[in-house]
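Order of the sequence lines sets the chain letters (A, B, ...), proteins ahead of strands, with each chain counted from 1.
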Amino acid sequence: MEEPVDTATAILASAAVLLRERTFDDISYRVLADEVGISERTIYRQYPTRAHLLAALSNWIEQTRFPLPPFVTVSDFRAAVHERFRAFDTLPAYAYVGARASAISPTLDTEPAYITRAIEAMLDVAAPTLNRRDRRRVAASLRYFSSAMFWARLRTGFDLDAGEICDAFDRAVDTVLAKLPDATWAEP
Amino acid sequence: MTEPTAVPALSGTQEAILAAYAGLIEEVGSDDVSNRVIARRAGIAERTVFRNYPTRVDLLLATAAWLEATVFAREESHSIFDIPLAIRDAMQRYDARPELAHVVAETAMRGVNGATPSPGRAQLERLLDGEVPSLDAAQRRAVIAALSHLDSVGTWVTFRREFGMDRRDIADAAAWAAEAVLDRIRDRVAP
């Protein structure tokens with residue numbers, strides 16, 4: 001386990017432990033307070049609403065359990081996403097928290113996720129002459145197909161495992177990239 | 001989703017509860033509204049809310065399903081190649097009611113708690129199998145999965161939050177992506 005450095009992090013670490021045996025909805029502030037050994041009031045001070053707790057917990061899980069491998073090229077991007085989907089499959093309860101946190105109204109963290117910026121940077125290099133609208137269409141599509149939401153939807157709605165989800169992801173990426181003329185892509 | 005989601009028939013009281021809750025969510029800007037306040041708005045006793053929806057998760061699931069079937073209902077598509085148009089309309093509808101859209105989005109991502117993240121899947125499969133029956137299993141699954149994913153409120157949330165897109169840009173990008181998914185099968189329609 002990580003060494004919690006402050007109260008806010010200790011609360012997240014305990015919430016992550018509790019997630020192994022119950023869903024986020026079933027982790028009340030009272031249960032969480034008992035687990036950390038602090039008062040409920042202290043948790044409210046750190047996380048005024050459950051949405052704040054969910055967003056912070058998701059960020060912390062993302063950093064500690066699902067770090068995104070860096071990527072520059074499209075094939076590195078595919079490999080990085082495959083690695084994440086496989087990691088999600090080994091810790092589904094944690095990945096569901098990420099999918100859910102990405103669906104709520106933004107609370108504390110209104111910055112785009114790191115993967116969003118990385119996809120935009122990848123396209124800047126791979127397709128430098130691509131017009132702005134098509135660039136955003138491609139970036140948004142790639143971002144959405146590489147999300148925890150995509151993994152969660154295919155796992156719960158389609159009963160797919162990580163291998164099958166990676167296959168569906170690859171095919172979606174192919175269709176998006178095929179929209180652009182071949183000449184768009186910079187020579188590696 | 002391309003037709004109203006199958007929602008279990010609601011009693012008048014249930015519909016009043018869900019409508020009251022949805023109205024309050026939009027006013028308060030959060031789904032954190034007490035049953036007492038919901039009951040008062042619906043003009044019923046608080047215990048009636050509990051009797052119909054014993055937990056908050058029950059209430060949220062019912063509210064999200066009701067919203068998808070009413071406020072966010074799609075016009076029925078008669079072809080898989082109409083789906084991008086339905087997606088474009090749906091994105092505009094989500095954008096007009098952002099608080100409600102977020103409630104539907106979060107509810108769909110509750111994981112194992114009984115949410116149905118792809119309510120329109122059966123409809124997409126029916127259309128695709130009727131028009132393009134020659135796909136192999138993996139191709140078929142990929143098309144259905146990609147379109148289900150795009151035809152959901154998650155698209156609106158992600159494009160807005162991660163790219164700061166406005167209503168027009170979200171509708172455009174979502175429909176564009178759906179057209180991309182269909183490109184591969186555009187000329188494979190059964191005669």
Side-chain angles (χ1 to χ4, degrees), chain A residues 23-26 49-51 54 92-93 95-106 110-113 115-117 119-120 133-134 136-145 147-150 152-158 160 164-165 167-172 174-180, chain B residues 29-32 55-57 60 98-99 101-113 115-119 121 138-139 141-150 152-155 157-165 169-170 172-185:
Chain A
T23 66
F24 180 76
D25 287 319
D26 295 325
T49 70
R50 295 185 62 78
L54 178 62
Y96 285 132
V97 166
R100 183 165 164 188
S102 65
I104 61 175
S105 293
T110 49
E111 288 286 297
I115 189 171
T116 305
R117 292 287 167 253
I119 288 170
E120 289 176 325
R133 177 161 298 277
D134 282 315
R136 290 184 88 199
R137 286 164 165 167
V138 173
S141 305
L142 296 183
R143 171 67 178 84
Y144 189 45
F145 285 121
S147 64
M149 279 190 200
F150 186 64
R153 189 183 310 281
L154 268 53
R155 183 178 164 101
T156 58
F158 292 76
L160 302 188
E164 293 162 324
I165 296 171
D167 178 69
F169 164 76
D170 280 338
R171 288 169 189 267
D174 288 343
T175 60
V176 168
L177 299 184
K179 264 296 204 195
L180 307 178
Chain B
S30 157
D31 57 27
D32 194 9
T55 70
R56 185 43 59 118
V57 174
L60 280 168
E99 297 298 341
H102 275 115
V103 169
V104 174
E106 185 186 356
T107 303
M109 286 297 144
R110 279 173 179 264
V112 289
N113 279 355
T116 48
S118 297
R121 179 182 173 188
Q139 289 171 325
R141 190 173 66 201
V143 170
I144 299 291
L147 291 179
S148 293
H149 192 50
L150 290 168
S152 78
V153 66
T155 312
V157 171
T158 304
F159 288 11
R160 182 178 196 252
R161 175 168 162 162
E162 296 296 317
F163 295 90
M165 289 185 184
D169 285 347
I170 294 171
D172 165 73
W176 179 90
E179 296 285 8
V181 171
L182 294 171
D183 275 349
R184 296 261 166 114
I185 60 168

S.K.: Which answer fits I115(A), side chain, backbone, both or neither, if we ask what part of it has an atom under 4.5 Å from a heavy atom of chain B?
M.R.: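 The answer is neither part of I115(A).
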S.K.: Using a cut-off of 6.0 Å, state whether more than 12 heavy atoms not belonging to D183(B) lie near its atom CG.
M.R.: yes
S.K.: Let me know if D31(B) has heavy atoms under 4.5 Å from chain A in its side chain, its backbone, both or neither.
M.R.: neither
S.K.: Which atoms of L150(B) come close to chain A, meaning under 4.5 Å heavy atom to heavy atom: side chain ones, backbone ones, both, or neither?
M.R.: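 It is both, since atoms from each part get that close.
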S.K.: Counting heavy-atom pairs under 4.5 Å with chain A, which one of R141(B), R184(B), Q139(B) comes out on top?
M.R.: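 The answer is R141(B).
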S.K.: Go through it in stages, so that I can follow the logic: the residues are S147(A) and H149(B), the test is side chain to side chain contact (heavy atoms under 4.5 Å, CB included), and I'd like the CA-CA distance, side-chain angles, deciding distance and then a yes or no.
M.R.: CA-CA 11 Å; S147(A) 64; H149(B) 192 50; 3.9 Å; yes
S.K.: Out of A142(B), G154(B), A177(B), A105(B), which one racks up the most heavy-atom pairs below 4.5 Å with chain A?
M.R.: G154(B)
S.K.: Would S152(B) and R153(A) count as having a side-chain donor-acceptor pair, cut-off 3.5 Å?
M.R.: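 Short answer, yes.
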S.K.: With a 4.5 angstrom heavy-atom cut-off, could you sort out which part of E99(B) is near chain A: side chain, backbone, both or neither?
M.R.: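 When you check distances to chain A, only side chain atoms of E99(B) fall under 4.5 Å.
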S.K.: Could you check if a side-chain atom of M109(B) sits within less than 4.5 angstrom of a side-chain atom of I104(A), using non-hydrogen atoms only?
M.R.: no
S.K.: Using heavy-atom distances under 4.5 Å, tell me whether F163(B) contacts chain A through its side chain, its backbone, both, or neither.
M.R.: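 Both parts, backbone and side chain.
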S.K.: Donor-acceptor pair, E162(B) side chain versus A140(A) backbone, under 3.5 Å?
M.R.: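 A pair under 3.5 Å: no.
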S.K.: I'd like to know whether W176(B) forms a side chain to side chain contact (heavy atoms under 4.5 Å, CB included) with K179(A), so could you lay out the CA-CA distance, the side-chain angles of the two residues, the decisive distance to 0.1 Å, and finally the verdict.
M.R.: CA-CA 9 Å; W176(B) 179 90; K179(A) 264 296 204 195; 3.4 Å; yes
S.K.: If you count heavy-atom pairs within less than 4.5 Å of chain A, which of V103(B), I144(B), L182(B) leads?
M.R.: I144(B)
S.K.: Among T155(B), V143(B), D32(B), single out the residue with the greatest number of heavy-atom pairs under 4.5 Å to chain A.
M.R.: T155(B)
S.K.: Who are the side chain to side chain contact (heavy atoms under 4.5 Å, CB included) partners of A146(B), not counting sequence neighbours?
M.R.: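 Result, side chain to side chain contact (heavy atoms under 4.5 Å, CB included) vs A146(B): F145(A), V181(B).
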S.K.: What option among S30(B), A173(B), G29(B), A145(B) has the most heavy-atom pairs under 4.5 Å with chain A?
M.R.: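 Looking at each option in turn, the highest pair count goes to A145(B).
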S.K.: For the candidates D134(A), V97(A), D167(A), V138(A), which exhibits the highest count of non-hydrogen atom pairs separated by less than 4.5 Å from chain B?
M.R.: V138(A)
S.K.: Tell me, out of A95(A), P92(A), A99(A), who's got the most heavy-atom pairs with chain B below 4.5 Å.
M.R.: A99(A)
S.K.: Heavy-atom pairs under 4.5 Å with chain B - which of A93(A), A139(A), A172(A), A168(A) has more of them than the others?
M.R.: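 Most pairs with chain B among the choices: A139(A).
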S.K.: Taking side chain as everything from C-beta outward and backbone as N, CA, C, O, which of these in I170(B) sits under 4.5 Å from a heavy atom of chain A? Side chain, backbone, both or neither.
M.R.: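 Neither part.
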